[in-house]
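Okay, structure first, notes after.
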Amino acid sequence: MKLSLLLSAVVIWSGLANASVITLTNGKTEKQGVLISTGGIATLEGQAYPLTTVGSGVRFKKVFFDVKVYVAQLLMAEESKFVRTLDGALGSLSQQNSFAMHLTFLREVPMDKLTSAFEEGFAANKVNMRDADIMNFMNMVRLGGAGEDGGTLSVIVIRNADGSETITYEVVRSHKPFLASIKAQAGLAGKIFSLWLGVPADDHLAKLKLELLL
Amino acid sequence: MKIVMLLFALLFLVACGAQDAINATKSMPGEMEQMRAKMGETERALGRLESYKGLTNEENGRVLSPVPFGLMGYAREFAKYASTVELAEITYLWIKEINEVSIDDILPSPTPEDIFKFDHRKQHTQASLQAVAGFISRDKLNTILREQIYSSGRYADATLNLLMLRVRFLRDVMLKASLLSEDFDEVGMLIKAIEHAEEIEYIARQRFALHIYLDLTGFKNNDLDIHDVFDPREALKIWQDIKRKADTGLKVKYKDVASSPVENEKLFVENKARYSQAMSLVDQRIRAWGAQP
C-alpha cells in the first residue's frame, strides 16, 4: 500500500546529490557553532529560487537533560510577507511562492527517531497521518534515513502555477546523501511546516518557534 | 550387672543425645528463619551500600547526556535495596544539596571550568535521584505515600519532588526517548509502554496530583534550573501517543520461531490476544480522561 502511494505521487528522483540543492550565504551570527545564513538559493530542475533567511533557532530535546538536536534556519522568497506572530506565522506561508526549512544536525538522529519526531509534530497539529500526501512525505522521510552530526536536512517548497506544491526533501551526510521530491495538492506545505510554526509538540519546540519568529 | 548398668548408662547417654538432636531439629525452622532474616538484612545492607557508592562515583556520572547509562544499573539496585524511609530521606537530602550548596561558599573566584564541574556534579546528583525515583516498585511507592503523604511525614514535600522525578524519568526517558521514539515492531513494546504509562496514570490519579512539583535551583548556570509542575493530563497525552504509535506501526505477524507450525499458530493467536487486550486497555484509559480513542 505504501509503495503504491509513493509511486502514484509524482516523484522526481535527482539521484545521489554531491552538493546540496540549497546554497546558503553565511552571515556573521553563530548558533551552537553553526554560521547562520543571511539567505540562499535553492536550485531545483535547473531553476534558481533566491531565498532570504527570516529566522533561526536551536532545537533542544529533553531526555534526562536537554540535548541539542539541530540548528534550524527558516528561509523564504519574500520576507515582507512573513507574519512574525505565534498565530499568524504559519498561515502567512500561503503568501510565499517558495520557502524552506534548513536543519543542521548537532548530533546523530536515527531515522526512526526522526520519523517519530515528525509524527509527534503532526499529531500535535491534528494532521491526518492517513492523508495520501502526508504518507508520501513520510515515506520520503523514512527513505531519507538518519541525520548525521554536522549533516543537514532541508525541506524546500515551491508553489506551482497550477496551485500544486512541489516538496523537495534532502538529507546531506558523508555517506549516501538523499534527495527526492513529490508533487502534492495545495496544503501539504502548511501541514509540514506546522511542525515548526504550528502547535508545538513540546516546550522546546515552542521555544524554537519563538526564536524563529524573532 | 555392671555391664547391664553400663549398657543402661550408654543407652541413656545416646537417648539424651538423640533427644537433644530432636530438640535441635524442632527449633531449627525458627533459627533458620532468623538466619535467613539476618542474611537478607546483610544482603540488603550490602546492596544498598554498593549501589549508593555506584551512584555517587564520579566516573559513573561522567557522561549524563542523553542518558546517564553509567548510573542506571546502580539506580535500579538502590531503589530495590533502600528502605522507603531511606528513599524519602535521600530525596530530601540530595535536593537540599543541589539547591543550597553554592559554589561561592567553596571557591572564592571560580573559573569557567570550576563552574562547569560544580554544575555537573549537581546534575549527576539530579540524574541519580531521577533514575532511582523511576525504578522504585509500585509497592514501595505505596508505602512511601502512606508514610509521608497520608501520614504527614517528615519528608512529605520531598515525596512530591520524588513523584515529579519519577514522572520525568518514565515520561522523558523510558517512553519519549526510548519506546515512543522507535517503531513498535512487537507487541512486547506496546505492553512495556503501557506498563510505564500505568505508573504515570497512577500518579496522575492521586488526589494530591496537582501539588506534585520539582524545583531545582542552585546551579551556577541558571539555564540548568528546573521548575516543573505536574499536569495530570499528561497521562492522557501519553496514552494517546501510545495509541497513535500502535495504530500506525504495530502489526501482529505470524512468525516461524517455534518447534512446529502448530506451536507457531498458537503463539500467533496468543500475541493477537495480547495486542487486543493491550489496545482495549489503552482505549479505556483514554476514555477515562474524557477523550475519544
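When reading the values below, keep in mind they use all heavy atoms of this one structure, side chains included, and skip hydrogens, waters and symmetry mates. In the text below, chain A, chain B and the rest are named by the order of the sequence lines, each starting its count at 1.
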Q: Identify which of R168(B), R171(B), Q126(B) forms the greatest number of heavy-atom pairs closer than 4.5 Å to chain A.
A: Q126(B)
Q.
At a heavy-atom distance under 4.5 Å, which candidate from S65(B), P66(B), S178(B) has the highest pair count against chain A?
A. P66(B)
Q. So, are R62(B) and E59(B) salt-bridged, with charged N and O less than 4.0 Å apart?
A. yes
Q) Looking at the rings of F169(B) and F64(A), which for Trp means the six-membered one, are their centres under 6.0 Å apart? A) yes
Q: Using non-hydrogen atoms and a 4.5 Å limit, figure out which bit of L180(B) sits close to chain A: side chain, backbone, both or neither.
A: backbone
Q | Proximity breakdown for Q123(B) and chain A, heavy-atom pairs closer than 4.5 Å | A | both
Q: With sequence neighbours left out, write down each residue that passes side-chain hydrogen bond (donor to acceptor under 3.5 Å, both in side chains) with E148(A), or none if nothing qualifies.
A: S174(A)
Q. Among L114(A), D112(A), T115(A), which residue forms the greatest number of heavy-atom pairs with chain B at distances under 4.5 Å?
A. D112(A)
Q: Go through the steps for K245(B) and E182(B) under the test salt bridge (Lys or Arg N to Asp or Glu O under 4.0 Å), then give the verdict.
A: CA-CA 9 Å; K245(B) 206 72 189 173; E182(B) 298 165 26; over 6 Å; no
Q. Does a sphere of radius 6.0 Å around OH in Y254(B) hold more than 12 heavy atoms from other residues, nucleotides or ligands, not counting ones at 6.0 Å or beyond?
A. yes
Q | Interface moiety of A124(A) toward chain B, non-hydrogen atoms closer than 4.5 Å | A | neither
